[in-house]
Amino acid sequence: MTATDSAVESDPALRRRVDVAVVGAGFAGLYLLHRLRAMGLSAVCFEKADGVGGTWYWNRYPGARCDVESLDYSYSFDADLEAEWEWSERYATQPEILRYLEHVADRFDLRRDIRFETTVERADWDEASTRWRLQTSAGDEVAASFYVMATGCLSVPKDIDIEGVGAFEGEVYHTSSWPHDGVDFTGKRVGVIGTGSSAIQSIPLMAAQAESMTVFQRTANFSVPAHNGPHRADKAAELAADRKAYRDSAKWSRSGVPMVRSEIGAFMVSDEERRATYEKGWAIGGIFGPLNTYMDLLTDKAANDTLAEFIRGKIRDKVEDPATAEILCPTTFPVGTKRVCVDTDYYETFNRPNVSIVDLTVDPITSITATGLDTARGSHTFDAIVFATGFDAMTGAIVAVDINGRDGVGLAERWAEGPRTYLGLMSVDFPNLFMITGPGSPSVLSNMVVSIEQHVDWICDTLSHLGEQGLATIEPTSAAQDGWVRHANDFADITLFPLADSWYMGANVPGKSRVCLPYLGGVDGYRQVCDDVVARDYLGFRIGGPDGERVADGLIRELMPDVGLLLEAMAELGLPPLETMSPEDARAFMAAAATQRAPGPDVGEVVEGTYPGAGGELPYRLYRPSSPGPHPVVAYFHGGGWVLGNTDSDDPMCRDLCVKTDALIVSFDYRHAPEHRFPAAPEDAAAAVRWLGEHAVSLGGDPSRLAVAGWSAGANLAAVTCQTVRDEGGPAIAGQVLLCPVTDGAADYASMTDNAEGFVLTKSLMDWFWDHYLAAEQRSDPRASPLRAETLAGLPPALVVTAQFDPLRDEGDAYAAALDAAGVKTEHLRARGQIHTSPMAVDVLPTPAYVRDEMAAALRRFLGVDANDGAEA
Ligand code: NA7
């Protein structure tokens with residue numbers, strides 16, 4: 001017995017001791033109990049209801065079904081269980097799902113560890129004993145080494161925020177706590193408040209019984225037909241053919257349901273083809289049918305609008321009265337950013353003579369009355385009112401328990417500004433407290449059963465690890481948690497989800513913080529994160545035991561999500577490294593890749609021309625804004641390591657800068673290595689800028705307002721050119737914008753090692769560039785490494801952009817610091833989570849778009865574009 005054990009046992013309040021206390025006996029709690037028992041751990045589960053089932057115990061309203069197909073919405077942990085259970089239809093009803101969970105509880109003899117009709121009212125972390133002390137509604141006090149909230153995401157109904165609630169003297173029902181014996185609405189006048197999933201499932205059945213039904217709708221919802229019936233033959237066959245492979249593919253899918261994901265955007269096909277695809281999706285039905293048609297439906301509003309309009313068309317087709325159809329057409333949020341409902345005859349129900357709808361946006365409820373309810377435009381009398389008003393989702397059930405962690409800090413108070421978790425599993429200062437499908441995990445945006453099994457497995461494996469190592473406590477670090485919250489928000493921000501006032505965003509509960517509660521990185525991406533955390537020795541956790549604490553601090557995902565996804569997609573293509581090719585082949589490869597990219601915005605005019613380089617005529621490409629000139633001018637130098645690239649290679653970037661700066665962008669080509677080694681390129685660049693100074697007027701530009709810009713090796717040339725013209729008498733340069741510049745090839749920087757591989761520009765590619773460009777001893781020449789210049793004083797004002805995951809990051813940072821130290825007005829943008837190439841991905845990646853905005857803003861400042869606008873005005 002350990003000292004801690006004896007402390008516990010001498011404290012009468014902690015007489016009952018278990019390894020793990022669990023709250024909730026739904027899908028999560030049942031599987032957890034099963035696993036804990038198999039591990040030989042003692043466990044007790046507290047359940048408010050008098051039976052198992054969780055959400056499927058409570059939500060007994062007519063028509064209640066799961067919106068994920070039953071073949072998928074099933075446990076996978078036990079092959080025999082899978083083999084012996086047959087779902088009777090494609091989307092199982094609540095009674096059938098409840099029977100399934102009761103069967104699971106019996107089959108694995110789980111009830112003996114469940115205390116029914118008991119809630120945990122308070123939980124306090126006891127630092128001395130490293131245990132949670134729980135107080136239950138039954139008066140029990142229990143000490144548990146680990147405490148798991150298996151409380152479900154939609155288990156606490158939200159308070160009904162309607163005046164006079166409680167005044168109604170007729171029958172009142174809530175979909176989330178429906179009478180077990182059912183309700184007969186025959187001959188009754190029924191009012192239904194809410195048009196979420198619960199209402200949409202129950203309205204057709206209630207309306208078929210009721211004498212009359214009035215539906216009060218605040219926000220119209222998108223609903224897709226279930227086409228319920230027998231299982232889909234293809235799905236059933238796939239599952240039967242290889243159960244394990246099917247389940248594995250669910251585990252590594254985006255939503256926890258095996259499916260082939262679309263890899264094309266909605267606008268990559270014709271309007272006719274898109275419509276035909278939506279029709280096919282509609283015929284499949286369910287959440288995924290229409291939504292899994294194009295990859296950009298949840299990230300591109302215009303793409304989303306095409307599907308939204310398609311569904312509105314279906315609603316108009318189904319609903320006979322055009323005015324009613326318009327009320328039922330959702331218009332205020334992108335489709336899919338609120339849970340898409342899955343219905344049977346919902347819209348058709350509004351063709352019944354006994355059903356009407358009130359649009360609360362024009363005729364709001366003013367109060368519930370003794371006889372019904374009043375709206376701004378009239379009074380409604382009912383025998384029964386059904387509230388289908390939703391839940392305090394994801395956090396409600398967790399903060400409902402008075403949970404106090406280290407030093408008595410309250411979880412509800414800690415989460416007042418929105419939940420903060422690491423991986424949706426744990427929270428800082430709440431050691432040994434786990435949440436299953438907590439906020440910050442895929443949870444409600446996935447097949448819950450798959451996500452539940454993954455969380456339970458992860459928690460149990462972690463408990464085994466702690467047990468084997470004799471360790472007692474686990475808790476995330478603040479840095480890891482902050483990083484995860486930031487990463488989850490980064491994901492949300494590249495999607496359309498924040499545009500909806502949904503319960504995903506906490507927006508349905510007045511006063512609740514607006515935070516995207518589920519993690520949008522997908523079941524597959526998230527599972528990989530959790531696996532990586534373990535593989536990296538529980539990265540982001542502090543783990544305590546008798547020999548003290550071991551902290552593996554760090555962030556598990558720092559790349560911007562869109563950049564990460566792009567890298568994954570590129571890795572799948574298995575492209576050969578450029579440095580394994582000859583320069584000619586590498587150039588051809590780059591040219592071929594350029595034909596596949598988004599073209600960038602239209603500009604007023606594009607003109608091709610030549611200029612006298614230091615060794616002969618060279619091409620340039622001029623981008624003219626559509627506004628009247630003369631315009632300020634920017635000499636732009638493309639990237640490509642002095643070996644690759646031409647006026648084509650940075651074309652989308654130049655277009656974007658032209659549109660955003662309202663300046664002439666002149667993209668100058670220069671001679672490339674190895675045919676023309678150093679110093680050919682900087683000599684050409686200097687010649688280009690001088691030529692531009694002399695010829696700006698004939699190009700339609702203003703030579704008194706001239707700036708330089710470039711990317712990578714082009715930024716190197718821009719920086720070098722600023723030094724050259726400073727030393728050689730002009731022309732005057734108003735500013736320099738250096739995107740991920742090469743500034744010093746003669747030193748070892750940490751970023752060259754830290755970011756050596758995996759982020760497109762690699763250390764070996766950079767070495768290949770350098771070696772083609774010049775001899776090793778020339779690397780410290782300031783015309784190759786501008787950081788090595790004798791002085792940086794007197795250079796034009798600068799914006800230096802460096803990317804976190806760029807091998808060149810540190811030399812760029814060093815150049816920004818050195819410019820600043822030399823008295824040059826310098827702005828330095830450190831692009832978090834970006835790579836060397838990502839800001840160049842115009843119209844492809846959303847997160848680096850701000851980098852180009854900042855570059856353009858800097859150029860506008862340098863060139864006085866806005867001041868000039870003001871003067872004209
Ligand atoms: P939801 O989807 O949150 O729906 C609740 C509905 O109730 C929704 O239409 C709300 O309108 C409406 N509501 C809520 N409060 C009011 C008030 N005060 N006045 C009028 N209307 C109100 O909950 P469900 O139970 O239907 O479904 C939850 C999930 O369960 C579902 O997504 C599936 O995953 C299963 P609002 O949209 O807020 O304007």
Side-chain angles (χ1 to χ4, degrees), residues 26 54-56 58-68 73 91 94 97 152-165 173-178 191-203 214-224 226 255-256 286-288 327-328 330-333 336-343 346 357-368 373-376 380 385-394 396-397 437 442-449 451 497 500-512 514 517-518:
T55 202
W56 298 109
W58 296 103
N59 286 270
R60 298 173 186 241
Y61 58 83
R65 291 174 192 274
C66 185
D67 55 10
V68 173
Y73 197 74
Y91 294 99
Q94 172 272 332
I97 301 172
C153 295
L154 296 161
S155 40
V156 172
K158 78 164 195 152
D159 291 338
I160 299 168
D161 46 337
I162 302 177
E163 184 72 26
V165 85
Y173 303 103
H174 299 263
T175 48
S176 57
S177 53
W178 202 256
V192 180
I193 301 178
T195 49
S197 181
S198 303
I200 283 177
Q201 289 186 336
S202 56
I203 281 170
T214 310
V215 176
F216 294 88
Q217 173 189 281
R218 191 163 65 183
T219 312
N221 244 316
F222 291 96
S223 189
V224 173
S255 322
I287 298 181
F288 304 112
I327 293 172
L328 286 164
T331 53
T332 53
F333 60 96
T337 57
K338 281 188 167 196
R339 180 96 169 187
V340 168
C341 301
V342 178
D343 75 279
Y346 174 64
I357 187 162
V358 174
D359 179 358
L360 298 180
T361 61
V362 294
D363 185 15
I365 297 174
T366 50
S367 72
I368 309 274
L373 62 81
D374 288 348
T375 63
H380 300 260
I385 296 182
V386 175
F387 290 95
T389 41
F391 298 88
D392 183 355
M394 308 241 1
T437 62
S443 56
V444 290
L445 281 177
S446 68
N447 175 356
M448 284 296 279
V449 185
S451 286
F497 280 87
D501 289 333
S502 62
W503 56 259
Y504 295 145
M505 297 296 300
N508 64 327
V509 175
K512 193 167 172 175
R514 194 180 175 95
L517 297 167

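Here the structure is a predicted model, which means the values were calculated and not measured. Counting starts at 1 for both ligands and their atoms, in listed order.
Within 4.0 Å of ligand 1, protein heavy atoms belong to Leu154, Lys158, Asp161, Ile162, Ile193, Gly194, Thr195, Gly196, Ser197, Ser198, Arg218, Thr219, Lys338, Arg339, Leu360, Ala388, Thr389, Gly390, Phe391, Trp503, listed by chain and number.
Looking only at side-chain heavy atoms (C-beta outward), Ile203 and Tyr346 come within less than 4.5 Å of each other. Annotation: side chain of Arg339 is in contact with side chain of Ile287 (closest heavy-atom distance under 4.5 Å).
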Side chain to side chain donor-acceptor pair (under 3.5 Å) between Thr195 and Asn221, worked out = CA-CA 7 Å; Thr195 49; Asn221 244 316; 4.9 Å; no
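Residues satisfying the ring-ring contact (aromatic ring centres under 6.0 Å, His included) test with Tyr91, not counting sequence neighbours, are none.
Thr366 and Asp374 share no side-chain donor-acceptor pair at under 3.5 Å.
Applying the 6.0 Å contact sphere to CG of Asp159 captures no more than 12 heavy atoms from other residues, nucleotides or ligands.
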